[in-house]
Amino acid sequence: MKLLDERVVARAKDRGIDVLVYAPHFTRLPEIRERAERFSDDELLVVPAREVFTGTWRNRRHVLAVGLDDPVPDFISLDGAFGAFREQEAAVLVPHPQFLNVSLGVEDVRTRREDVHAVETHNFKLFDRQNRRGRRLARAVDRPEFGSSYAHLHGSVGEVWTTFDREIDSEGDLVAALRDGAPRRVFRRNGPRHAARALAEYAHLGYENSWGKLERIFLSGTEPTHPSHVAYRGRFDDVSVY
């Protein structure tokens, strides 16, 4: 999930979702964790996570980490990110594999296979042919799958989900299920409304890569997740790409 508010929570509960993974772009882990805790209750667990943007704007690789205790910034090398995830024993997931220039490919995953715990095989914002590439990659590297709504829009919540063979009652339970390769299945809704919502989610990508990107680069100053930010205390200077 890239957004989290009362509408998201209500829609998730209405759709029978028990756990949401909340990983907004360019937001520091403490803020993500605080918001996740605020919207969690006895019916819905919200798990904080970070989708880290490694590399430069021209050569990005997105990696999703669940179970981080210490913040990891964006704009660091891919090896630097994996090293930080390994130290914290986080669950490391590959979102939207082989998508444009922002995703890990077969060789990226194969060379880091022991540090990758799942590959996304259905991302709501992608078309069928793109998700088929994800399924082929997961088979090629023999890694478990996962699926997600990847919601930037409220209507996307609960359109794609993953079920596990066990109860997930805490962040630690989810991290263990992912790291252990627990059996799971990926489901999605069907029908005209599902297709329309998928197109809306994909269209939002255009905003992200046009005005949203321009605003981040030129208007917002230093990103809160930039490795030079004071919050990281210089710990990632050696792997920063900017």
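Heavy-atom minimum distance, I17 versus L20: CG2-CD2, 3.9 Å. The shortest non-hydrogen separation linking V141 to V109 is CG2-CG1, 3.8 Å. Across all non-hydrogen atoms, the minimal contact from V92 to F82 is CG1-CE2, 3.7 Å. Pairing each heavy atom of T121 with each of A138, the nearest pair is CG2-CB, 3.9 Å. In this structure, H226 and P73 approach most closely via the heavy-atom pair C-CB, 4.1 Å. Taking both residues in full, the closest heavy atoms of S103 and Q98 are given as CB-N, 3.3 Å, listed atom of the first, atom of the second, then distance.
No donor-acceptor pair closer than 3.5 Å links the side chain of N59 to the backbone N or O of G55. Between the side chain of R184 and the main chain of E145, a donor-acceptor pair closer than 3.5 Å is present. Formation of a donor-acceptor pair under 3.5 Å by the S40 side chain with backbone atoms of V46 is found in this model. With N101 contributing its side chain and R58 its backbone, the two residues share a donor-acceptor pair below 3.5 Å. In this structure, the side chain of S149 does not engage the main chain of V157 through any donor-acceptor pair within 3.5 Å. Of the possible donor and acceptor atoms, none in the side chain of R188 sits under 3.5 Å from a partner among the backbone N and O of E159. D180 places no side-chain N or O within donor-acceptor distance of the main-chain N or O of A182, the cut-off being under 3.5 Å. Under a 3.5 Å cut-off, the side chain of T225 and the backbone N or O of T27 do not form any donor-acceptor pair.
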Does the side chain to side chain contact (heavy atoms under 4.5 Å, CB included) test come out yes or no for L93 and V66, once each step is laid out? CA-CA 8 Å; L93 314 181; V66 184; 4.3 Å; yes
For side chain to side chain contact (heavy atoms under 4.5 Å, CB included), just list the numbers for D41 and K13, CA-CA rounded to whole Å, side-chain angles, deciding distance to a tenth of an Å, and then say yes or no. CA-CA 11 Å; D41 58 29; K13 292 178 179 180; 2.6 Å; yes
List the steps and the verdict of side chain to side chain contact (heavy atoms under 4.5 Å, CB included) for L199 and F127. CA-CA 9 Å; L199 286 173; F127 295 117; 3.9 Å; yes
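Considering only heavy atoms from C-beta on, D70 comes within 4.5 Å of Q88 through its side chain. V9 has its side chain within reach of L44: a pair of non-hydrogen atoms, C-beta onward, lies under 4.5 Å apart. For the pair Y22 and P24, the minimum side-chain heavy-atom distance is below 4.5 Å. Between R143 and L137, every side-chain heavy-atom pair lies at or beyond the 4.5 Å cut-off. The closest side-chain heavy-atom distance from F164 to L174 is below 4.5 Å. R50 has its side chain out of reach of V72: every pair of non-hydrogen atoms, C-beta onward, lies at least 4.5 Å apart. Contact of the F236 side chain with the H229 side chain is not registered, since no non-hydrogen atoms from C-beta on lie closer than 4.5 Å. Residues E171 and L45 fail the side-chain proximity criterion, which asks for heavy atoms closer than 4.5 Å.
One finds the CD atom of E120 at 11.0 Å from the CZ atom of R135 (value rounded to the nearest 0.5 Å). Note: H204 NE2 to E201 CD = 7.0 Å, rounded to the nearest 0.5 Å. The CG atom of N131 sits 4.5 Å away from the NE2 atom of H122 when rounded to the nearest 0.5 Å. Atoms CZ and CG, on R35 and L3 in that order, are 9.0 Å from each other to the nearest 0.5 Å. Rounded to the nearest 0.5 angstrom, F85 CZ and L64 CG are separated by 8.5 Å. The line from CZ of R113 to CG of D108 is 15.5 Å long, rounded to the nearest 0.5 Å.
For F53 and F26, the ring centers sit closer than 6.0 Å to each other. Annotation: H194 is in aromatic contact with F124 [ring centroid separation under 6.0 Å].
Heavy-atom contacts from other residues, nucleotides or ligands closer than 6.0 Å to CZ of R7 number 12 or fewer. Heavy atoms of other residues, nucleotides or ligands lying less than 6.0 angstrom from CZ of R235 number more than 12. In the displayed structure, R166 atom CZ is contacted under 6.0 Å by more than 12 heavy atoms of other residues, nucleotides or ligands.
One hydrophobic cluster, built from ILVMFWY side chains closer than 4.5 Å, cannot hold both L104 and L100; they sit in different ones. Residues V19 and L178 share a hydrophobic cluster, clusters being chains of Ile/Leu/Val/Met/Phe/Trp/Tyr side chains in contact below 4.5 Å. One hydrophobic cluster, built from ILVMFWY side chains closer than 4.5 Å, holds both V106 and L78. In this structure, V63 is a member of the same hydrophobic cluster as L68, with clusters built from ILVMFWY side-chain heavy atoms closer than 4.5 Å. Follow the hydrophobic side-chain contacts under 4.5 Å out from V241 and you never reach V239; the two are in separate clusters.
The pair R38-E34 meets the salt-bridge criterion, since a charged nitrogen lies less than 4.0 angstrom from a carboxylate oxygen. We find that K2 and E51 are joined by a salt bridge, their nearest charged nitrogen and carboxylate oxygen being less than 4.0 Å apart.
Under the 30°/60° scheme for interplanar angles, the aromatic rings of F99 and Y202 are found to stand perpendicular. Note on ring orientation: taking the six-membered ring where Trp is involved, the planes of H25 and H152 are tilted (angle from 30° to 60°). The aromatic rings of H62 and H96 lie perpendicular to each other, with more than 60° between the two planes, well past the 30° mark.
Judged by the 6.0 Å distance and 45° axis criteria, R28 is positioned over the aromatic ring of Y232.
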